[in-house]
Amino acid sequence: KTESVNKTLIGVIDDIVSGVSQGIEDFLGRPVAARNVSESVNGDGTDTLLLKPYLKSVTTVTIDSITIAAGDRVFYPKTGKVQLKYTSFTCGLQNVVLVYRHGWETQDIPKSIKRAAVLWCLHHFKLTDKNRIGVNSVTAGDQTISFTASMPPDVRELLTPYMLAG
């Protein structure tokens, strides 16, 4: 019986950590943990496209199924701008495919974001009674979880400097 309770508790903890992680990314408007993204966008006839700020790298740029060589393009990590040197992003619907890396590598995640995640998780772990651990409901099927409270003010304060505008 103890093993079953421990597995259930670990499942709840995993769900809370996942929910808090997603909540932080939603609040910030960008990924925290670095990940590769493939995105199709409309070409607009200019030599510049704006992606999300704080790019790590741009792996490939393809326009109308033609790959643009790395030396023929420049990206500006802080602004998310990708600029072509010798051509333009020809006008078209979803005709430009970009593959890029976005977010912080694990060792580079700012300490205040890590602290905010821990504080928010701890907030949900406060015992509300003997059978509940800071959650309003848990569904066994697809493991849906809902929290009893929104983002605590101290967590919001730690995260606000990292929010993307817009």
Side-chain angles (χ1 to χ4, degrees), residues 13-124 136 139 141-166:
I13 291 169
D14 286 347
D15 287 345
I16 289 172
V17 170
S18 294
V20 164
S21 297
Q22 186 61 55
I24 288 172
E25 288 190 350
D26 291 347
F27 179 77
L28 296 179
R30 62 172 159 171
V32 173
R35 64 188 63 139
N36 294 321
V37 177
S38 178
E39 184 174 10
S40 296
V41 298
N42 297 337
D44 61 2
T46 68
D47 66 350
T48 304
L49 282 179
L50 284 176
L51 301 174
K52 295 177 174 117
Y54 303 103
L55 296 175
K56 300 299 273 180
S57 62
V58 176
T59 309
T60 59
V61 176
T62 307
I63 305 168
D64 297 320
S65 301
I66 298 169
T67 301
I68 306 300
D72 294 343
R73 56 187 159 84
V74 178
F75 84 97
Y76 300 89
K78 195 167 188 176
T79 62
K81 181 168 87 169
V82 177
Q83 187 170 21
L84 302 177
K85 292 181 179 179
Y86 310 111
T87 189
S88 64
F89 293 102
T90 55
C91 291
L93 296 175
Q94 305 291 295
N95 65 320
V96 178
V97 179
L98 302 117
V99 179
Y100 57 92
R101 190 157 179 82
H102 192 239
W104 287 281
E105 300 302 333
T106 304
Q107 68 276 9
D108 298 328
I109 296 173
K111 288 180 182 176
S112 54
I113 291 178
K114 290 178 182 179
R115 180 170 169 72
V118 169
L119 288 173
W120 199 359
C121 285
L122 289 173
H123 174 77
H124 292 300
N136 190 24
T139 306
D142 285 332
Q143 297 186 352
T144 303
I145 188 167
S146 62
F147 298 120
T148 57
S150 61
M151 182 184 293
D154 54 341
V155 170
R156 181 178 302 275
E157 186 177 326
L158 287 167
L159 295 175
T160 297
Y162 300 97
M163 284 179 63
L164 290 183

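- The two residues Cys91 and Gly45 have their closest heavy-atom pair at SG-N, 3.6 Å.
- Here the closest heavy-atom approach between residue Asp108 and residue Lys56 is recorded as OD2-NZ, 4.2 Å.
- Within 6.0 Å of atom CD in Gln83, more than 12 heavy atoms from other residues, nucleotides or ligands are found, so the atom counts as buried in its surroundings.
- Taken from CZ in Arg101 to CG in Asn36, the straight-line distance is 5.0 Å, to the nearest 0.5 Å.
- Across Thr62, Val61, Val97, a single residue satisfies side-chain contact (heavy atoms from CB on, under 4.5 Å) together with Thr67, and that is Thr62.
- The CG atom of Asp72 sits 6.0 Å away from atom OH of Tyr86, with the distance rounded to the nearest 0.5 Å.
- Across every non-hydrogen atom of Val155 and Ala116, the tightest pair is CG2-O, 3.6 Å.
- For the atom pair CG (Asp47) and OG1 (Thr87), the distance works out to 9.0 Å, reported to the nearest 0.5 Å.
- Looking at Thr90 and Asp64, their side chains do bring a donor and an acceptor atom within 3.5 Å of each other.
- Contact between Arg156 and Phe27 at its shortest, heavy atoms only, is NH1-CE1, 3.0 Å.
- Across all non-hydrogen atoms, the minimal contact from Ala33 to Glu25 is N-OE2, 3.7 Å.
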### Task
For side-chain contact (heavy atoms from CB on, under 4.5 Å), just list the numbers for Tyr54 and Lys78, CA-CA rounded to whole Å, side-chain angles, deciding distance to a tenth of an Å, and then say yes or no.
CA-CA 5 Å; Tyr54 303 103; Lys78 195 167 188 176; 4.0 Å; yes
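- Within a 6.0 Å radius of CZ in Arg115, no more than 12 heavy atoms belonging to other residues, nucleotides or ligands are found.
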### Task
Could you walk me through whether Val82 and Phe89 pass the side-chain contact (heavy atoms from CB on, under 4.5 Å) test, one step at a time?
CA-CA 10 Å; Val82 177; Phe89 293 102; 4.2 Å; yes
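- Contact record, Leu158 with Ser112: CB-O, 3.8 Å, taken as the closest heavy-atom pair.
- Ile113 has its side chain within reach of Leu28: a pair of non-hydrogen atoms, C-beta onward, lies under 4.5 Å apart.
- In this structure, Ile68 CD1 and Thr60 OG1 are separated by 10.5 Å, a value rounded to the nearest 0.5 Å.
- A distance-only check finds no donor-acceptor pair linking the side chain of Lys85 to the backbone of Val74 [under 3.5 Å].
- Partners of Asn42 by side-chain hydrogen bond (donor to acceptor under 3.5 Å, both in side chains), not counting sequence neighbours, listed by chain and number: Gln94.
- For the atom pair CE (Met151) and CG (Leu119), the distance works out to 11.5 Å, reported to the nearest 0.5 Å.
- In this structure, Tyr76 OH and Leu50 CG are separated by 11.5 Å, a value rounded to the nearest 0.5 Å.
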### Task
For Leu84 and Ile63, run side-chain contact (heavy atoms from CB on, under 4.5 Å): C-alpha distance rounded to whole Å, both residues' side-chain angles, the deciding distance at 0.1 Å, then the answer.
CA-CA 11 Å; Leu84 302 177; Ile63 305 168; 3.5 Å; yes
